[in-house]
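Convention: sequence-line order gives letters A, B, ...; per-chain numbering from 1. What you are looking at is a predicted structure, and each value in this text was computed from that prediction instead of being measured.
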Amino acid sequence: MPELPEVETVRRGLAAVMEGRPIVNVLVRRGDLRRPLPEGFAAALTGRTVIAIDRRAKYLLFRLDDGTVVIAHLGMSGSMVIEQAVDSQAPDAFPDPNMAGGKHEHIVFSVGNGTQIRFSDPRRFGLMDLATEETLADHPLLASIGPEPLEESFDGAALAARLTGKRTPIKSALLDQRIVAGLGNIYVCEALFAAALSPRRSAHTVQGGRADRLLRSIKSVLLAAIEAGGSTLRDHVAPSGEIGYFQHNFQVYGREDEPCPSCAQPIHRLVQAGRSTFFCSRCQR
DNA sequence: AGGGGGACCTGTGCGC
DNA sequence: TGCGCACAGGTCCCCC
């Protein structure tokens, strides 16, 4: 589900209810996510206050008042559900697992004002881990991630430099988090369409004006998606329960055989590195 | 060394 | 209605 715009939407929703508040309880229903929750996860969080919630690539970073940092990834199907506790006297009260929607809510955080934040992840490709402010930058999950695409300093020249010598298709290069952070299958397809670049083009040929164009397309697609509250496919919702609506603005993603919004030729689908790519073979070169 | 393929999981939708 | 298959927003490990 979540690419950079969705994770950013989740971050904003969580920040509004968690920042400045103590975590009074952490209930782990299932700790066997993509990797097992670290030893002592719940104990490390309980009683700590959330100072800030940040985002790096598709990771959420919960900064706690003792220097602990919780690293969380939503995987393909993860989401955060915010709800007022049914009974504020029993902050670890958990909804009946047999109730609809509760089955995949693996971790429940209760914060000081009686609000529950529940991590739901049907496929369990998500993960959570612990670091400290000192070790965060060197954490294996974060150490080799490339620049944030929305950083002011990330310009066409910086993108071009990171694509130099790459023989892989530009589609695959943009999915590689070491080259640029936060992009996923949807927004890569959309950005390549906006830049009129073929997903099959060898990455090293994206230099100069092409790199400038691609860089501008990446930024504008991401910013528009964040503005729209992300994209809601299937059941993904922002923590507030509101759905994002950027999916209505997809130009090519998921639109195989539909007319290209620019030239009306049918949109093609192909598979690259095991992932579907949607593009217009006439507009994108 | 870098890149592609499979693995990790569960749910859903479609064709037969 | 039921079954089996294809496919899904991500990442990691292994092998060439």
- Select base, sugar-phosphate, or nothing to describe what A/Arg269 touches, counting heavy atoms under 4.0 Å on all strands. sugar-phosphate
- Message: Tell me which one of A/Leu163, A/Thr164, A/Leu215 satisfies side chain to side chain contact (heavy atoms under 4.5 Å, CB included) with A/Val206.
- Response: A/Leu163
- Side chain of A/Arg123, base of B/dC9: donor and acceptor closer than 3.5 Å? yes
- Item | Ring-base stacking, A/Phe125 with C/dT11 (5.5 Å, 30° cut-offs) | no
- Query: Has A/Glu133 got more than 12 heavy atoms of other residues, nucleotides or ligands less than 6.0 Å from its CD?
  - Reply: yes
- Message: Can you confirm whether the side chains of A/Ser276 and A/Arg269 place a donor and an acceptor under 3.5 Å from each other?
- Response: yes
- Report the distance from atom CD of A/Gln247 to atom C1' of C/dA8, rounded to the nearest whole Å. 15 Å
- Given atom CD of A/Gln177 and atom P of C/dG9, what is their separation to the nearest angstrom? 14 Å
- Query: Reckon A/Ser276 has a side-chain N or O less than 4.0 Å from the OP1 or OP2 of C/dA8?
  - Reply: yes
- Rounding to a whole Å, what distance do you find between A/Asp121:CG and C/dT11:C1'? 13 Å
- Expressed in angstrom and rounded to an integer, what is the separation of A/Arg167 atom CZ from C/dC16 atom C1'? 19 Å
- Note on the structure: Rounded to whole Å, CG of A/Leu4 lies from P of C/dG9 at a distance of 16 Å
- So what does A/Leu141 hit on the nucleic acid, given a heavy-atom distance under 4.0 Å: a base, only sugar-phosphate, or nothing? sugar-phosphate
- Message: Work out how far the P atom of B/dC9 is from that of C/dC3, and round it to whole angstrom.
- Response: 24 Å
- Searching all strands shown, indicate the nucleotide that pairs with C/dG9 (Watson-Crick or G-U wobble; both distances under 3.5 Å). none
- Query: With respect to the phosphate group of B/dT10, does any side-chain polar atom (N or O) of A/Lys103 fall under 4.0 Å of OP1 or OP2?
  - Reply: no
- Is there a side-chain polar atom (N or O) of A/Thr168 under 4.0 Å from OP1 or OP2 of B/dG4? yes
- Quantified in whole Å, what is the P atom distance between nucleotide C/dA6 and nucleotide B/dG6? 13 Å
- Query: Under 3.5 Å, is there a donor-acceptor pair between the side chain of A/Glu148 and the main chain of A/Ala181?
  - Reply: no
- Under 30°, 30 to 60°, or over 60°: which ring-plane class applies to A/Phe109 and A/Phe62, parallel, tilted or perpendicular? parallel
- Task: Rounded off to whole Å, could you give me the NE2-to-P distance for the A/His104 and B/dG11 pair?
- Result: 4 Å
- Any A/Arg275 side-chain nitrogen or oxygen under 4.0 Å from OP1 or OP2 of C/dG10: yes
- Query: According to a strict under-4.0 Å criterion, is A/Arg124 in side-chain N/O contact with OP1 or OP2 of B/dT10?
  - Reply: yes
- Query: In whole angstrom, what separates A/Leu175's CG from C/dC12's C1'?
  - Reply: 15 Å
- Task: Please measure how far the C1' atom in B/dG3 lies from the corresponding atom in C/dG9, and state the result in whole Å.
- Result: 22 Å
- Message: Under a 3.5 Å cut-off for both contacts, is B/dC9 paired Watson-Crick or G-U wobble with anything, and if yes, with which nucleotide?
- Response: none
- Item | Proximity to DNA chain C (any heavy atom under 4.0 Å), residues of residues 55-63 of chain A only | A/Lys58, A/Tyr59
- Message: Over all strands shown, is A/Pro169 touching base, sugar-phosphate only, or nothing at heavy-atom distances under 4.0 angstrom?
- Response: sugar-phosphate
- Message: Give me the atom names and distance for the closest heavy-atom approach of A/Glu6 to A/Ser231.
- Response: OE2-N, 2.8 Å
- Pair A/Arg118 + A/Glu83: basic N to acidic O under 4.0 Å: yes
- Do A/Ser120 and A/His104 have side-chain N/O donor and acceptor atoms under 3.5 Å apart? no
- Item | Gap between atoms CD1 and P, on A/Ile170 and B/dG3 respectively (whole Å) | 12 Å
